[in-house]
Structures are given as structure tokens and as C-alpha cells.
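The structure appears below as C-alpha cells.
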Amino acid sequence: MPVPDDAVSPADAVPKAAVTQRQRWAVETMAVAPDDRLLEIGCGRGVAVSLVARRLTTGRIVAIDRSATMVRLAAERNAGHVESGRAEIRQAGFESADLQSRSFTKIFAVNVNLFWLGAAAAQIGRMRDLLVPGGRLYVFGERPTPAHATANLRSTERLLRAQGFETTASVAAGVRGRLLTCVTGTVID
Ligand SMILES: C[S@@+](CC[C@H](N)C(=O)[O-])C[C@H]1O[C@@H](n2cnc3c(N)ncnc32)[C@H](O)[C@@H]1O
């Protein structure tokens with residue numbers, strides 16, 4: 001049976017509404033076009049994949065997650081989109097994923113600890129290489145307080161700028177006083 005967009009197990013730390021809201025905000029912020037070619041890093045259960053794929057016609061989304069369980073859940077949720085060729089869901093860590101240079105118009109991650117655990121510069125450099133000229137990178141987060149949001153936005157912008165991105169930051173109100181954050185990076189040549 002297909003899993004609804006807002007489904008989340010009782011074990012999840014944040015309320016169901018927060019999951020749906022942050023994914024919806026992310027997809028709206030990216031203004032997904034029908035012919036976009038997107039990469040999602042850390043797709044989890046594939047909620048954003050569903051929201052993106054239904055906006056695509058000739059476009060495509062590749063979603064990766066290093067967790068086999070998450071990939072299985074995301075693939076189940078998006079079976080129809082995978083079948084139609086609009087979505088591809090793969091088990092892979094971003095660091096070692098087999099992805100083609102200059103093949104994505106948009107790369108995004110929602111609530112993924114991408115830059116803090118490893119070599120941030122190398123990761124961001126690879127994202128830059130995977131984007132087509134004029135492509136965009138979106139780093140979405142969800143923070144408990146304004147101070148956390150500001151600190152995260154500043155450090156993410158600093159990291160992206162150091163790798164040749166021009167950045168803008170945006171914030172929206174989340175559920176239970178949480179804040180949704182996004183840093184958008186555009187490559188400057
Ligand atoms: C907190 S969950 C967020 C899932 C989903 N994006 C969301 O907003 O609900 C983070 C996910 O990113 C995946 N992940 C973390 N680092 C990753 C990496 N370097 N490459 C691929 N997946 C990664 C984890 O396995 C996990 O499923």
C-alpha cells in the first residue's frame with residue numbers, strides 16, 4: 001500500500017506536521033520546473049521526492065541516501081515515479097556516489113548533516129562540479145531557535161562562498177516555534 005506524503009513513524013523525533021511542512025517549503029522554495037534535473041542528498045523516506053516528481057514532465061530526480069532502510073521506504077513511497085522514470089532512488093553516500101559532472105540543474109538536501117562531519121570543502125566542490133552552469137544548490141535545515149538558525153545560516157553561507165558560490169539565506173516559520181532555513185548557492189564563474 002502506498003505511504004501517504006505526511007506519514008512518519010511514531011519513533012520520529014519531530015511531529016508529523018513538521019516533516020510535511022519542511023518538505024513542502026523546500027520544494028516550493030526551489031520552484032521546481034517540469035524539466036529540472038535534480039539531485040537530493042539524504043532523501044530519508046522520500047517525502048520530497050514525491051513532491052518534486054509530481055511536478056516533473058521531462059525532468060528527473062535522482063535521490064540518494066546511505067541508509068538501506070531509508071532507500072527501501074523511499075522506493076516504496078515513490079514506486080510509481082520510479083516506474084515512470086521520473087525518479088531514481090539509490091543507496092549511496094554522497095562522498096562515493098557515482099554521479100555525472102554537470103548533470104543537475106538543482107541539488108538539495110533537507111536536514112542532512114553534510115558539512116559538519118567530514119571534509120566540507122571537498123563535498124561542496126563536488127556539488128559545484130555536478131551542477132550545470134547556472135545551476136543551484138539548496139541547503140535546507142530546521143532549527144529550534146533564532147540563534148541556532150542564524151548560526152547555521154552564517155556558517156553554511158561562509159562554506160559555500162569559499163567554494164565559489166554566491167549565496168542568499170531565507171527563513172520561514174516552522175511548527176512549534178521551530179525555524180526553517182535555506183541557503184541557496186549559485187555558482188559564480
Ligand atoms: C535527518 S535525515 C533527513 C531525511 C529527509 N531529508 C528529511 O528531511 O526528512 C538525514 C538523512 O540523510 C542521510 N545521509 C546523511 N549523510 C549522508 C550522505 N553523506 N550521503 C547520503 N545520505 C546521507 C541519512 O542516512 C538520513 O536518512
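Just so you know, ligand 1 is whichever comes first in the structure, and atom 1 is the first atom listed for that ligand. We count residues from 1, following the sequence as given.
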Exercise: do Ser84 and His81 side chains pair donor with acceptor under 3.5 Å: no
Donor + acceptor pair across side chains of Thr58, Asp35 (<3.5 Å): no
Nitrogen or oxygen atoms of Gly42 and ligand 1 under 3.5 Å apart: yes
Donor + acceptor pair across side chains of Arg161, Thr167 (<3.5 Å): yes
Ligand-residue contact atoms, ligand 1 with Val110, heavy atoms, under 4.0 Å: 3 (C), 5 (C), 6 (N), 7 (C), 8 (O)
Ligand 1 contact by Arg45, heavy-atom criterion under 4.0 angstrom: no
Proximal ligand 1 atoms for Phe94, defined as those under 4.0 Å from one of its heavy atoms: 18 (C), 19 (N), 20 (N), 21 (C)
Per-residue contact class, Ala48 against ligand 1 - non-hydrogen pairs under 4.0 Å: neither
Heavy-atom gap Ala26 to ligand 1 smaller than 4.0 Å: no
Nitrogen or oxygen atoms of Glu95 and ligand 1 under 3.5 Å apart: yes
Lys/Arg N to Asp/Glu carboxylate O, Glu28 vs Arg24, below 4.0 Å: no
Pairwise side-chain contact, Asp65 with Gln91, heavy-atom cut-off 4.5 Å (strictly under): no
Sub-4.0 Å heavy-atom approach of Arg22 to ligand 1: yes
Met70, portion touching ligand 1 at heavy-atom distance under 4.0 Å: side chain
Aromatic Phe94 / basic Arg66 pairing, under 6.0 angstrom, 45° off normal: no
Nearest candidate to atom 11 (C) of ligand 1, where distance is taken over non-hydrogen atoms, out of Leu114, Val47, Val49, Asp65: Asp65
Gly93: numbered ligand 1 atoms lying under 4.0 Å from its heavy atoms: 20 (N), 21 (C)
Sole candidate of Val52, Val32, Thr29 that passes side chain to side chain contact (heavy atoms under 4.5 Å, CB included) when paired with Phe108: Val52
Side-chain heavy-atom pair Val171, Leu153 within 4.5 angstrom cut-off: yes
Exceeds 12 heavy-atom contacts within 6.0 angstrom, atom CZ of Arg136: no
Per-atom contacts, ligand 1 versus Val112 - under 4.0 Å to a heavy atom: 12 (O), 14 (N), 15 (C), 16 (N)
Numbered atoms of ligand 1 (with element) below 4.0 Å of Gly44, judged on heavy atoms: 4 (C), 27 (O)
